[in-house]
Amino acid sequence: MKVAQLTAALIAAAVMAPAFANGTAAATPEGTASMLLNPATVVEPFQNPKAAVSTMIMLMDPATLAAMMTQGMNPATYTQMGQAALDPRIMQKYMQFADP
């Protein structure tokens with residue numbers, strides 16, 4: 001692809017981000033990072049195409065990666081992830097992908 005096309009696509013993604021934001025906490029970099037670091041909510045974008053587009057656009061934002069690194073340094077994040085991974089309801093959410 002040409003540089004002009006890539007630049008146009010990047011600008012379009014930046015302009016369309018508010019249009020795809022669904023008004024939830026995931027519309028901010030911190031909200032997206034919290035959602036992706038929580039096993040209970042990480043499957044939500046895959047169940048709703050509009051939320052998936054919003055999440056992908058937010059992942060392109062460097063602030064989201066910074067928020068994920070900041071939250072990843074908190075030891076309580078790993079405890080929360082471990083506790084949520086042992087919850088049978090979380091496993092049921094993940095199994096819906098294997099057998100819809």
Side-chain angles (χ1 to χ4, degrees):
M1 294 184 87
K2 296 179 181 177
V3 174
Q5 291 174 336
L6 290 174
T7 305
L10 183 60
I11 292 171
V15 170
M16 293 302 291
F20 285 112
N22 55 5
T24 62
T28 64
E30 292 80 13
T32 303
S34 295
M35 179 184 62
L36 293 175
L37 290 174
N38 185 355
T41 59
V42 74
V43 296
E44 290 176 5
F46 302 108
Q47 295 172 343
N48 181 3
K50 192 172 184 179
V53 170
S54 174
T55 302
M56 285 186 269
I57 290 172
M58 290 304 296
L59 277 173
M60 290 185 244
D61 186 4
T64 303
L65 297 176
M68 288 181 77
M69 285 188 283
T70 302
Q71 291 181 12
M73 287 186 234
N74 184 1
T77 301
Y78 298 108
T79 305
Q80 176 190 3
M81 290 173 73
Q83 289 174 344
L86 295 175
D87 189 358
R89 293 173 295 179
I90 305 301
M91 185 57 69
Q92 188 177 28
K93 284 185 179 182
Y94 283 104
M95 292 284 77
Q96 290 175 356
F97 292 116
D99 187 24

Atom pairs and distances, side-chain donor-acceptor, residues 56-63, under 3.5 Å, sequence neighbours left out:
from : atom 1 : to  : atom 2 : distance (Å)
D61  : OD1    : A63 : N      : 3.2

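- Closest of all the heavy-atom pairs between N38 and A84 is OD1-CB, 4.2 Å.
- M68 contributes atom CE, which lies 10.5 Å from atom OG1 of T77 (distance to the nearest 0.5 angstrom).
- The two residues E30 and Q71 make their nearest non-hydrogen contact at O-NE2, 3.5 Å.
- Between the CE atom in M95 and the CD1 atom in I90 there is a gap of 13.0 Å [rounded to 0.5 Å].
- Within the structure, salt bridge (Lys or Arg N to Asp or Glu O under 4.0 Å) contacts touching residues 67-92 (residues at least two apart or in different chains) are D87-R89.
- Note: the hydrophobic cluster containing L37 does not contain Y78 (ILVMFWY, side chain heavy atoms under 4.5 Å, direct or indirect links).
- When all heavy atoms of V42 and L36 are compared, the pair lying nearest together is CG2-O, 3.7 Å.
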